[in-house]
Number of protein chains: 2
Amino acid sequence: MAVSTPPLAPKYRAASGMSEQLCPYRLVLEHVTSRWGVLVLIELMERPYRFGELRRAIGRVSEKMLIQTLQTLERDGLVHRDAKPVIPPRVDYSLTDLGREAAERVRDLAEWTHRRMEAVQEARDAYDQRPR
Amino acid sequence: MAVSTPPLAPKYRAASGMSEQLCPYRLVLEHVTSRWGVLVLIELMERPYRFGELRRAIGRVSEKMLIQTLQTLERDGLVHRDAKPVIPPRVDYSLTDLGREAAERVRDLAEWTHRRMEAVQEARDAYDQRPR
DNA sequence: CCAGTACCTTACTTCAAAGACAGTACTTTC
DNA sequence: GAAAGTACTGTCTTTGAAGTAAGGTACTGG
């Protein structure tokens with residue numbers, strides 16, 4: 001049976017009529033900065049995870065979304081999938097070298113955001129208080 | 001008259017019933033890695049831009065989305081809006097110090113993605129060729 | 001006085017990402 | 001022999017982000 005590839009964030013198609021096709025690198029950027037992509041990459045920096053383990057570690061992620069995210073990252077060569085042919089199934093996910101490079105940068109950004117959250121919150125409060 | 005604040009990416013609300021409210025830092029991360037947020041931050045690293053100028057520099061962005069993005073980033077304290085009370089209106093947008101910190105990291109990530117695009121493409125080709 | 005520029009705001013619409021949930025196949029544990 | 005774990009796949013539905021389009025204001029140049 002044909003196993004269809006995941007949706008792969010068909011998010012930004014070329015606008016109809018417009019010749020402006022999104023440069024492919026934007027798509028990869030979308031993948032690594034996606035809602036669950038960020039969390040997966042950061043989590044996998046620590047060590048390889050099994051599917052269910054990763055799901056529990058991230059929490060509040062549906063199986064569907066986690067799989068979709070993992071498949072997208074696998075296709076992009078960022079995540080390695082190691083499926084052992086045993087029963088019950090055992091699948092280990094880990095970062096590739098490429099994935100680690102990406103994960104480091106994503107983590108930097110996430111860490112920065114976390115670190116500067118207070119400044120952001122102050123800016124927001126100031127913005128919201130300003131007469132508009 | 002009450003001017004409502006922009007949508008501000010109400011994307012990830014706390015799941016109803018779930019105590020798991022998305023940490024606020026995730027929202028900021030969403031803002032800076034958003035479709036137009038990335039482009040705005042990177043563009044503004046070069047120099048301040050006027051609204052129309054920025055729109056033309058980025059291209060293919062609707063006024064609505066550009067304003068929404070700028071307002072979100074302004075509220076987060078990443079972008080400074082300098083509206084001169086002249087006619088016709090002149091508004092200059094620039095990065096704050098906080099914004100520059102964010103922009104540098106975003107640009108790093110974007111540059112990495114661009115640089116490693118070839119490796120990603122190879123991985124994809126391999127993935128797509130693999131018997132599934 | 002009409003057209004154009006600059007900087008927005010608002011309303012309407014579309015469509016894909018995400019959630020919910022059921023199903024598969026096989027095994028171990030209660 | 002029923003339930004639960006494991007790693008998925010598939011479908012249906014919701015929703016909210018982004019696009020389109022139009023309006024508004026206060027001017028200036030022709």
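Residue numbers begin at 1 in each chain, while the letters A, B, ... track the order of the sequences.
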Next item on the list: Test for a donor-acceptor pair under 3.5 Å between the base of D:dG19 and the side chain of B:K64, counting only N and O atoms.
Entry: yes

Between [options], spot the one nearest the side chain of [X], thanks.
{"X": "A:R81", "options": "C:dG19, C:dC26, D:dA7", "result": "D:dA7"}
{"X": "B:Y93", "options": "D:dT11, C:dC8, C:dC26", "result": "C:dC8"}
{"X": "B:I67", "options": "D:dG19, C:dT9, C:dG19", "result": "C:dT9"}

Scan for salt bridge (charged side-chain N to carboxylate O under 4.0 Å, His left out) pairs involving [range], sequence neighbours excluded, and state none if there are none.
{"range": "residues 108-118 of chain A", "result": "A:R116-B:E101"}
{"range": "residues 78-97 of chain A", "result": "A:D82-A:K84, A:K84-A:D92, A:R90-A:D92"}
{"range": "residues 41-52 of chain A", "result": "A:R47-A:E53"}

[X] [atom1] to [N] [atom2]: how many Å, rounded?
{"X": "B:Y49", "N": "C:dC7", "atom1": "OH", "atom2": "P", "answer": "14 Å"}
{"X": "B:Q71", "N": "D:dA17", "atom1": "CD", "atom2": "C1'", "answer": "16 Å"}
{"X": "B:R26", "N": "C:dA18", "atom1": "CZ", "atom2": "P", "answer": "11 Å"}
{"X": "B:R55", "N": "C:dC7", "atom1": "CZ", "atom2": "C1'", "answer": "11 Å"}
{"X": "B:K84", "N": "D:dC27", "atom1": "NZ", "atom2": "P", "answer": "19 Å"}
{"X": "B:M65", "N": "C:dT10", "atom1": "CE", "atom2": "P", "answer": "16 Å"}
{"X": "A:L66", "N": "C:dA20", "atom1": "CG", "atom2": "C1'", "answer": "16 Å"}
{"X": "A:E63", "N": "D:dT6", "atom1": "CD", "atom2": "P", "answer": "10 Å"}

Notebook entry, point to check: Does a nitrogen or oxygen in the side chain of B:R35 sit under 4.0 Å from OP1 or OP2 of D:dG19?
Noted result: yes

Check: Any side-chain heavy-atom pair from B:V106 and A:L109 closer than 4.5 angstrom?
Finding: yes

Margin query: Between B:M45 and B:E104, is there a side-chain heavy-atom distance shorter than 4.5 Å?
Written below: yes

Check nucleotides 2-6 of chain C against the protein and report each pair of N or O atoms closer than 3.5 Å, with its distance, or say if there are none.
residue : atom : partner : partner atom : Å
C:dA6   : O3'  : B:R50   : NH2          : 3.2
C:dA6   : O3'  : B:P89   : O            : 3.2

Item checked: salt bridge (charged side-chain N to carboxylate O under 4.0 Å, His left out) involving A:R124 - partner list, sequence neighbours excluded -> B:D76

Check: Where each residue is assigned the nucleotide of DNA chain C containing its nearest heavy atom, which of A:V61 and A:I87 is assigned the position nearer the 5′ end?
Finding: A:V61

Note to self: Considering only residues two or more places apart or on different chains, which pairs with a residue in residues 89-123 of chain A satisfy ring-ring contact (aromatic ring centres under 6.0 Å, His included)?
What the structure shows: A:H114-B:Y25

